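As structure tokens, the structure follows; a few thoughts come after it.
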Amino acid sequence: MLTEPRAGRLAAWGNALLAGLVSPDDAVLAIVGDDAVHRVEGLPGESGQVGLTLALGRLRTLGVSGLRVALPAPGHPLGLSGPPEFNARALEAEEAVVCYGAALGLVPDVYEAGPVGVQVEVVWHVLAVREAPPADVPSLGEAERELAEALREATEALTRLDVAGSGPVAEAAVDAYRARAERRREVLAPGYPSRAVRVLELAQRVGTLIAVATESGHGGAVSSSEMSARREALRPVERTARRAQVAAYNSVVEERERGVR
């Protein structure tokens, strides 16, 4: 993943706000980021769309004490717990936020605003969710170990195929990632453990390398079997990187649920 999921920003800064670690204005500013505006639709007690500040405050009064992230993909309902309607909407969007403390979830719709590619508007749709453990979310420790192992195995496989994503294009992409990381030193919001920051940074870096390997042509693979081998090498590490991202974003809620915090 080359960009931070909007669900990640909403959950991270929403959790910091719910914990009293940031002001509503700072939370909303961080959640919106470079987008034009975010609105929330379907919030209990509201007949139309409302702003993020009001929505986050209302969620608190409804009993929400934390926010989790889901990053599902076809065949992998990562972070979801149902029902089918919510899962289908989340899968279409490839991301969602699930509330802890109330049976509600939020799925984003993204619309272009102004010139193409300049800014977007986001509407978060509030839907009912099933109160159950989220699917396939590892602990931070598990995620860190799995990510290191998957990255090592994928690197070895891609190197054997001579399609590891090297050369000027790959180097420029990695340099761009590093520049973004330097500009945004605070990967997660206040209140997250340092291990979560480390896991998320590694997961995002792995996502960047996967994109480089995927987008930089077929490299040295000249047969269909070699190209298929590259896809097979990348698939498990992409899945592992998504699981690690979710583990990092959800770590505050998971620790609270276990009574650690």
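Note that the structure is predicted; figures quoted are calculated from it, not measured.
Scanning all heavy atoms of the two residues, the minimum distance from A70 to L80 falls at CB-CD2, 3.5 Å. Of all non-hydrogen atoms in A248 and V199, the two that sit nearest each other are CB-CG1, 4.4 Å. When all heavy atoms are compared, the tightest approach of R242 to P72 is NH1-C, 4.1 Å. Taking every heavy atom of both residues into account, G79 and P134 meet most closely at O-CB, 3.5 Å. Taking each heavy atom of V107 and A93 in turn, the nearest pair found is CG1-CB, 3.7 Å. Contact between V206 and A241 at its shortest, heavy atoms only, is CG1-CB, 4.0 Å.
Under the 4.5 Å side-chain criterion, counting only non-hydrogen atoms from C-beta, V22 is in contact with P190. The shortest side-chain heavy-atom distance between V37 and L52 does not fall under the 4.5 Å cut-off. Within the 4.5 Å cutoff, no side-chain heavy atoms of V129 are placed close to those of R68. Between H76 and E238, every side-chain heavy-atom pair lies at or beyond the 4.5 Å cut-off. The shortest side-chain heavy-atom distance between V40 and R58 does not fall under the 4.5 Å cut-off. Two residues are said to be in side-chain contact when any heavy atoms from C-beta on lie closer than 4.5 Å; L140 and P193 meet this criterion. You'll find the side chain of V126 reaches within 4.5 Å of the side chain of P44, heavy atoms only. Within the 4.5 Å cutoff, the side chain of C99 has heavy atoms near those of the L106 side chain.
With rounding to the nearest 0.5 Å, the separation of CD in Q119 from CD in E112 is 12.0 Å. The CG atom of L104 lies 8.5 Å from the CD atom of E131; values are rounded to the nearest 0.5 Å. We find the CG-CG distance between L56 and L18 to be 7.0 Å, quoted to the nearest 0.5 Å. For the atom pair CG (L188) and CG (L200), the distance works out to 5.0 Å, reported to the nearest 0.5 Å. In this structure, OH in Y192 is found 10.0 Å from CD in E255, a value given to the nearest 0.5 Å. The CG atom of L78 sits 6.0 Å away from the CG atom of L71 when rounded to the nearest 0.5 Å.
Counted within 6.0 Å of CD on E92, heavy atoms from surrounding residues, nucleotides or ligands total 12 or fewer; the atom is thus considered open. Counting heavy atoms of neighbouring residues, nucleotides and ligands inside a 6.0 Å radius, atom CD of E46 exceeds 12 of them.
When hydrophobic clusters are built by joining Ile, Leu, Val, Met, Phe, Trp and Tyr residues whose side-chain heavy atoms come closer than 4.5 Å, directly or via intermediates, W13 is not grouped with Y100. Under the 4.5 Å side-chain heavy-atom criterion for Ile, Leu, Val, Met, Phe, Trp and Tyr, F86 and V122 are members of distinct hydrophobic clusters. Criterion: ILVMFWY side-chain heavy atoms under 4.5 Å apart, direct or through other members. Under it, V64 and L127 are not part of a common hydrophobic cluster. Hydrophobic clustering (side-chain heavy atoms under 4.5 Å, transitive across Ile, Leu, Val, Met, Phe, Trp, Tyr) groups V69 together with V252. Both L17 and L67 are assigned to one and the same hydrophobic cluster, defined by single-linkage of ILVMFWY side chains at heavy-atom distances under 4.5 Å.
Under a 4.0 Å N-O distance rule, the pair E142/R243 does not qualify as a salt bridge. A salt bridge does not link E95 to R6: none of the charged nitrogens lies less than 4.0 Å from a carboxylate oxygen.
In terms of modelled atom types and a separation under 3.5 Å, the side chain of D109 and the main chain of V123 share no donor-acceptor contact. In this structure a side-chain-to-backbone donor-acceptor pair under 3.5 Å is missing from N15 to G66. Although no hydrogens or angles enter the test, the distance criterion places no donor-acceptor pair under 3.5 Å between the side chain of R198 and the main chain of E144.
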